[in-house]
Number of protein chains: 2
Amino acid sequence: MSISNKISDSSVRRISIYLRILERMEKNGDETVSSEELSDHSGTTAAQVRKDLSSFGSFGKRGLGYGVSELALCIRKIIGVDRSWRVALVGVGRIGSALVDWGGFLDRGYDIVAILDVDPSKIGQKWSGLTVCDMDDFEDVVREQGVELIILAVPVEAVSDVVDRIADVGIRGILNFAPTTLRVPEGITVKDVNMVMELEALSFTLNQQKLKE
Amino acid sequence: MSISNKISDSSVRRISIYLRILERMEKNGDETVSSEELSDHSGTTAAQVRKDLSSFGSFGKRGLGYGVSELALCIRKIIGVDRSWRVALVGVGRIGSALVDWGGFLDRGYDIVAILDVDPSKIGQKWSGLTVCDMDDFEDVVREQGVELIILAVPVEAVSDVVDRIADVGIRGILNFAPTTLRVPEGITVKDVNMVMELEALSFTLNQQKLKE
DNA sequence: TTGTGTGAATCCCTTCACAGCG
DNA sequence: CGCTGTGAAGGGATTCACACAA
């Protein structure tokens, strides 16, 4: 399971999509799948699928395709979702609380084990079984709960304070919902989720179409 | 305001980021900004910023930089957020309801004017001032409310039914929260938001780092 | 025969470097 | 002199095409 070349970001994202398709196929009882089928369901090309998969070994059977559950297992190991991850949510404002209520992270092995905020009116309250902790105790909570990833859902103004403390306590991954670009030290990985930006990309395209008429 | 070349998807995304930076600067009372400043705050390079901006005209002043509010206005027109958009939410499940409660779309000019679902127990209920409509009345609601964009937050199994009806009623933009790849007819644009996928990309990177040790 | 794995070719995006304007 | 605008160069990622294994 050693990975030969550098795997690009876009490749990882596609592999994540393949995994979802494979899981649906596993439920359906399908045993093998071809690169063309996978590309059909994921909106890419068969060649792309093969390139993506070949970057971490070759276990497709020529003339046959890939073994569905075999491939799914392998992707899970690569992505690191063959185990669960311990996640803390920082910020229980509008987005933060919505994310907790949603619950979609746990389904995929991301277990929210702590919730933190600075607002005294929120500290001590319960959110889906967890008590909101004081951000003052951040470092203790992280250590006690063995937190590995942070979901950052604080206002833009508060971002830099929190990021400094995340770095100090040794956490290396942040899922950022604040609409700003995080400055993080070397070794910390950030992924941004920006729903409004996607909407803006959408209205841009529609705008262009209208101008062409 | 005519756009010369094709503008790539990634370019649009960056331009959206520039706009946010510019808006913060406008509040600060800054009058001009250089490509280097913009790149600093957005995590790109100055050359990239200039390339991005040059793709829709040249209004930077050489030796000086760009006029903050002038540039912001121009970007708003390009992206189409110089006006508001009428949006319908389809699906008031876990994600859907969280999105309505969040309210972050309205702040940026995306006005949710209708909410729809198929679940009889939800139809008729109020969500932040709006009554949940029956999906049976989808076409009527879209026409009455002048819906231009759809936020799709239904389970994977329900996706294809809804997509067909979206196409028929003439809507050309979908923001998709379902973790699946939408098959849409020519002329309809889809943007996916997949928070779990971002988390998976995060744990992939962390996993790789660990393996290297 | 079918469908993978992969070098080669192609395309697109980013970076460089500098001419040109304020 | 400072910073934009942009052709040219460079680097990645996608696509092509085919040898090869089941």
Side-chain angles (χ1 to χ4, degrees), chain A residues 1-18 21-22 25 30-68 70-72 74-75 78 181 201 204-205, chain B residues 1-18 21-22 25 30-68 70-72 74-75 78 181 201 204-205:
Chain A
M1 188 70 58
S2 75
I3 292 179
S4 49
N5 309 338
K6 290 273 137 61
I7 297 187
S8 74
D9 215 63
S10 43
S11 181
V12 174
R13 219 161 264 147
R14 283 192 301 266
I15 287 173
S16 183
I17 296 175
Y18 304 153
I21 298 169
L22 289 166
M25 287 181 158
D30 299 337
E31 298 203 344
T32 60
V33 62
S34 68
S35 57
E36 199 175 335
E37 275 179 276
L38 278 174
S39 71
D40 256 15
H41 289 85
S42 58
T44 30
T45 64
Q48 183 75 78
V49 172
R50 291 202 298 277
K51 259 270 149 71
D52 287 338
L53 297 182
S54 74
S55 59
F56 51 88
S58 61
F59 29 50
K61 292 164 196 73
R62 301 194 181 207
L64 252 172
Y66 303 87
V68 169
E70 192 186 353
L71 184 55
C74 179
I75 292 182
I78 294 286
T181 307
F204 167 79
T205 307
Chain B
M1 187 70 55
S2 75
I3 291 179
S4 48
N5 311 337
K6 291 273 137 62
I7 297 187
S8 74
D9 216 61
S10 44
S11 181
V12 174
R13 220 163 262 147
R14 284 191 302 266
I15 287 173
S16 181
I17 295 176
Y18 304 152
I21 298 168
L22 289 166
M25 288 182 158
D30 300 336
E31 298 203 342
T32 60
V33 61
S34 68
S35 57
E36 200 175 336
E37 276 179 276
L38 278 173
S39 71
D40 256 15
H41 289 85
S42 59
T44 30
T45 64
Q48 183 76 78
V49 172
R50 291 202 296 277
K51 259 271 148 70
D52 286 339
L53 297 182
S54 75
S55 59
F56 51 89
S58 60
F59 30 50
K61 291 162 198 75
R62 300 191 181 209
L64 251 172
Y66 302 86
V68 169
E70 192 186 354
L71 184 55
C74 181
I75 293 182
I78 294 288
T181 307
F204 167 80
T205 308

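Letters go in sequence order (proteins before strands), and every chain restarts at 1.
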Using atom [atom1] of [X] as one end and atom [atom2] of [N] as the other, report the distance to the nearest whole Å.
X	N	atom1	atom2	result
Leu53(B)	dT14(C)	CG	P	14 Å
Glu36(A)	dT4(C)	CD	P	9 Å
Phe59(A)	dG3(C)	CZ	P	18 Å
Ile15(B)	dC13(C)	CD1	C1'	14 Å

Not counting sequence neighbours, which residues clear side-chain contact (heavy atoms from CB on, under 4.5 Å) with [X]? List them please.
X	result
Thr32(A)	none
Val68(B)	Leu22(B), Met25(B), Glu26(B), Asp30(B), Val33(B)
Ser8(A)	Ser10(A), Ser11(A)

Any Ser58(A) side-chain nitrogen or oxygen under 4.0 Å from OP1 or OP2 of dT6(C)
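Answer is no, no contact under 4.0 Å.
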Could you pull out all residues at least two apart from Thr205(B) that satisfy side chain to side chain donor-acceptor pair (under 3.5 Å)?
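Expected list: none.
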Residues in side chain to side chain donor-acceptor pair (under 3.5 Å) with Ser34(A), at least two apart?
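None.
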For Asp40(B), what residues pass the salt bridge (Lys or Arg N to Asp or Glu O under 4.0 Å) criterion, not counting sequence neighbours?
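Asp40(B) satisfies salt bridge (Lys or Arg N to Asp or Glu O under 4.0 Å) with no residue once adjacent residues are dropped.
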Within residues 51-66 of chain A or reaching into it, pairs that qualify as salt bridge (Lys or Arg N to Asp or Glu O under 4.0 Å) - sequence neighbours excluded:
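Counting only pairs at least two positions apart or across chains, the salt bridge (Lys or Arg N to Asp or Glu O under 4.0 Å) contacts touching residues 51-66 of chain A are Arg14(A)-Asp52(A), Lys61(A)-Glu70(A).
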Side chains of Leu71(A) and Tyr18(A) in contact at under 4.5 Å (non-hydrogen atoms):
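They are not in contact (no side-chain heavy atoms under 4.5 Å apart), so the answer is no.
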Students often get this wrong, so: under 4.0 angstrom with heavy atoms, is Ser11(B) touching a base, only sugar-phosphate, or nothing?
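Touches nothing.
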In the 5'-to-3' direction, what one-character label does each nucleotide of nucleotides 15-22 of chain C receive under the scheme B = base within less than 4.0 Å of a protein heavy atom, S = sugar-phosphate only, - = no such atom?
B-B-BBBS
Could you give the start and end, 5' to 3', of the contact zone on DNA chain D for chain B, using atoms under 4.0 Å from its heavy atoms?
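Nucleotide range in contact with chain B: dG2(D) to dA8(D).
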Ser8(A) or Val33(B), whichever maps to the more 5' nucleotide of DNA chain D:
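The answer here is Val33(B).
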